[in-house]
Amino acid sequence: MEKKLVRTLCFKLIPDNPELLDELMLEIRNVFNQYLEACKKLNTTNRNKLETYPVKSKLIQKMAREKAREAVKSYFELRKQGKDTSFPKPKEKPMPVRMNYKEGYVVKEDFTVRISVYPRVHVYGRLKGSDLDFAYLYNALKGKYDIGTAELLKRDGEFYLHVTISKDFNKSYEPKTFIGIDVNENSVAITALDESGRVLKSAILEFNELKFLRHKFDLIRKRVQSKKLSMLKVLGRIEKNTVRDWCYKVSRIVVEFVKQFPKPIIVLENLNGMRESIDYGKRMNRRLHKIPYAMIQSFIEYKALWDDVLVERVDPRNTSHRCPLCGGRGVRRKRLFKCSCGLQDHADRIASLNIALRGYTYLKENVPSVKRLPALRKVRWVAAGRVNRPTPAVRVYLGEATVFRRW
Ligand SMILES: [Zn+2]
């Protein structure tokens, strides 16, 4: 089976004609409801049969029919399994619009978007989003990724466009080394697996800088007698920038380390959809709150993207408790991982190994059995100078004010 890397890029959309987009979402709802009706009357989800049903709409988008089919299909499926379920109800509210690339929407080189509403009637819009998402979109427009469907939605009066991009693992880039990365409060653990699932190398990059930085700023804050709001604001901004710079450094070192391996793919934990209200266990909660976790991860991904290293995101559940040797559940005490099968190892290395294994399993569709772990290397953070000097900053200006930094 052909495996794909898929990413959803989230942008805010500033349309030139919001009323027309509202109309589109209402119209999509009407078409959806008509197709629900059609499925019910004809008692089928067959595309050809539905084609004959007279649906009233001026829209050129056929995606509402597909949505209705999916809804009815899953209803049929549940009924077949004998589950108590009722036929999908018609929607009352305007619906999100799913669009095919080049059919329903187009992204231009300057990152403007054109959405087709009726034949020859378009809405144009500007996008707003993170550096990382823009960098992906830029690379997709350059042909490094395929651009797929997009979903147009409205939340709190604002429009959003979620664009799906993907990359097939064809012969041009078949990953040969799978590198799991586990980001922690004062270290990054990295484990590399080769094509057969053998552990090639593990490293723990230790740093205490972040802790010191935070501490330093807390001290300064205490010493500021005046408690002037403007002063605290300035301090806050300096702290933010310092932490940001520090994250740049970490991500650069990590990606440089990764590039020593042949055809690497970086495997990171997927934080999308994680919400603060949900309890993810002590360790994950601590990591999410104490360190600029998402920032380090997205910087690693950003840097990797420009260096043509692929990045995959995997489910983070149980990566710190699963035993990579026997598959059982181990115990984690501070820095030590212990399993009843006898394995004792550095807990962060185990986590990074589990992350790498998850990426490997997804892409290779078989689970390697790990038998032996090589000795662990600790790389102590000395200064940024210990790694190759960064490439000089290249700034590319695209669209209105999008600045890409390469570091
Ligand atoms: Zn075990």
Taking [atom1] in [X] as the centre, count heavy atoms belonging to other residues, nucleotides or ligands within less than 6.0 Å. Is the count above 12?
X: Lys338; atom1: NZ; result: no
X: Lys240; atom1: NZ; result: no
X: Glu92; atom1: CD; result: no

Requested in this report: Might you work through the side chain to side chain donor-acceptor pair (under 3.5 Å) test for Glu312 and Tyr360, ending with a clear yes or no?
Outcome: CA-CA 10 Å; Glu312 187 193 347; Tyr360 182 95; over 6 Å; no
Tell me whether [X] is salt-bridged to [Y], with the criterion being a basic N under 4.0 Å from an acidic carboxylate O.
X: Asp22; Y: Lys154; answer: yes
X: Lys142; Y: Glu109; answer: yes
X: Asp245; Y: Lys249; answer: no
X: Asp16; Y: Arg126; answer: no
X: Asp348; Y: Arg335; answer: yes
X: Lys83; Y: Glu77; answer: no
X: Glu51; Y: Arg65; answer: yes
X: Glu269; Y: Arg317; answer: no

[X] (side chain) donor-acceptor with [Y] (main chain) under 3.5 angstrom:
X: Asn139; Y: Lys144; value: no
X: Gln260; Y: Phe257; value: yes
X: Thr164; Y: Gly148; value: no
X: Asp110; Y: Thr112; value: yes

Query raised in the report: Yes or no on side chain to side chain contact (heavy atoms under 4.5 Å, CB included) for Leu310 and Ile266, after CA distance, side-chain angles and deciding distance?
Result: CA-CA 6 Å; Leu310 294 184; Ile266 293 176; over 6 Å; no
Give, for atom [atom1] of [X] and atom [atom2] of [Y], the distance between the pair rounded to the nearest 0.5 Å.
X: Lys176; Y: Lys263; atom1: NZ; atom2: NZ; value: 6.0 Å
X: Tyr160; Y: Leu152; atom1: OH; atom2: CG; value: 12.0 Å
X: Asp345; Y: Leu353; atom1: CG; atom2: CG; value: 8.5 Å
X: His215; Y: Ile220; atom1: NE2; atom2: CD1; value: 10.5 Å
X: Thr319; Y: Arg358; atom1: OG1; atom2: CZ; value: 6.0 Å
X: Arg98; Y: Asn100; atom1: CZ; atom2: CG; value: 9.0 Å

Do you know the tightest heavy-atom contact between [X] and [Y]?
X: Ser57; Y: Glu27; answer: OG-OE2, 3.5 Å
X: Tyr105; Y: Ile115; answer: CB-CG1, 4.2 Å
X: Tyr101; Y: Val106; answer: CE1-CA, 3.9 Å
X: Ile28; Y: Ala64; answer: O-CB, 3.8 Å
X: Gly180; Y: Ile355; answer: CA-CG2, 4.0 Å
X: Leu20; Y: His122; answer: CD2-O, 4.4 Å

Query raised in the report: Do Trp306 and Tyr138 have ring centres separated by under 6.0 Å?
Result: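 Centroid separation for Trp306 and Tyr138: below 6.0 Å.
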Report task. Assess the side chains of Tyr248 and Arg252: does a donor N or O sit below 3.5 Å from an acceptor N or O? Result ->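 No, Arg252 and Tyr248 have no side-chain donor paired with an acceptor closer than 3.5 Å.
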Distance-only criterion, 3.5 Å: show the donor-acceptor pairs between side-chain atoms of residues 189-196 and protein atoms not counting sequence neighbours.
residue, atom, partner, partner atom, Å
Thr191, OG1, Ser202, OG, 2.9
Thr191, OG1, Ser352, OG, 2.8
Asp194, OD1, Ser196, N, 3.0
Asp194, OD1, Ser196, OG, 3.0
Asp194, OD1, Gly197, N, 3.1
Asp194, OD1, Arg198, N, 2.9
Asp194, OD2, Arg198, NE, 3.3
Asp194, OD2, Arg198, NH2, 3.3

Return all side-chain donor-acceptor pairs below 3.5 angstrom for residues 36-47, not counting sequence neighbours, or 'none' if the list is empty.
residue, atom, partner, partner atom, Å
Thr44, OG1, Asn46, N, 2.8
Asn46, OD1, Asn48, N, 2.8
Asn46, OD1, Lys49, N, 3.1
Arg47, NE, Glu66, OE2, 3.1
Arg47, NH2, Glu66, OE1, 3.2

**Report entry** Stepwise side chain to side chain contact (heavy atoms under 4.5 Å, CB included) test for Phe261 and Lys201
**Finding:** CA-CA 10 Å; Phe261 301 102; Lys201 210 184 237 182; 4.0 Å; yes
Can you find a pair of side-chain heavy atoms, one from [X] and one from [Y], that are under 4.5 Å apart?
X: Ile350; Y: Leu343; result: yes
X: Lys4; Y: Lys167; result: no
X: Arg322; Y: Arg329; result: no
X: Leu161; Y: Met99; result: yes
X: Tyr124; Y: Val113; result: no
X: Ile165; Y: Val6; result: no
X: Val188; Y: Ile204; result: no
X: Val309; Y: Val258; result: yes

Report task. With Arg7 as the cation and Tyr145 as the aromatic partner, state whether NZ or CZ is under 6.0 Å from the six-membered ring centre and within 45° of the axis. Result ->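 No, Arg7 does not lie over the aromatic ring of Tyr145.
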Report task. Just do the side chain to side chain contact (heavy atoms under 4.5 Å, CB included) check on Ser298 and Ser130 with the steps written out, would you? Result -> CA-CA 10 Å; Ser298 73; Ser130 70; over 6 Å; no
Requested in this report: With salt bridge (charged side-chain N to carboxylate O under 4.0 Å, His left out) as the test, would you mind laying out the steps for Asp307 and Lys259 before giving the verdict?
Outcome: CA-CA 9 Å; Asp307 288 359; Lys259 279 162 64 183; 3.1 Å; yes
Requested in this report: Anything under 30° is parallel, anything over 60° is perpendicular, the rest tilted; go ahead and classify Phe111 against Phe134.
Outcome: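 Tilted, since the angle between the ring planes falls between 30° and 60°.
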Query - Steps toward side chain to side chain contact (heavy atoms under 4.5 Å, CB included) verdict (Leu78, Lys80) - result: CA-CA 5 Å; Leu78 285 172; Lys80 214 161 68 186; over 6 Å; no
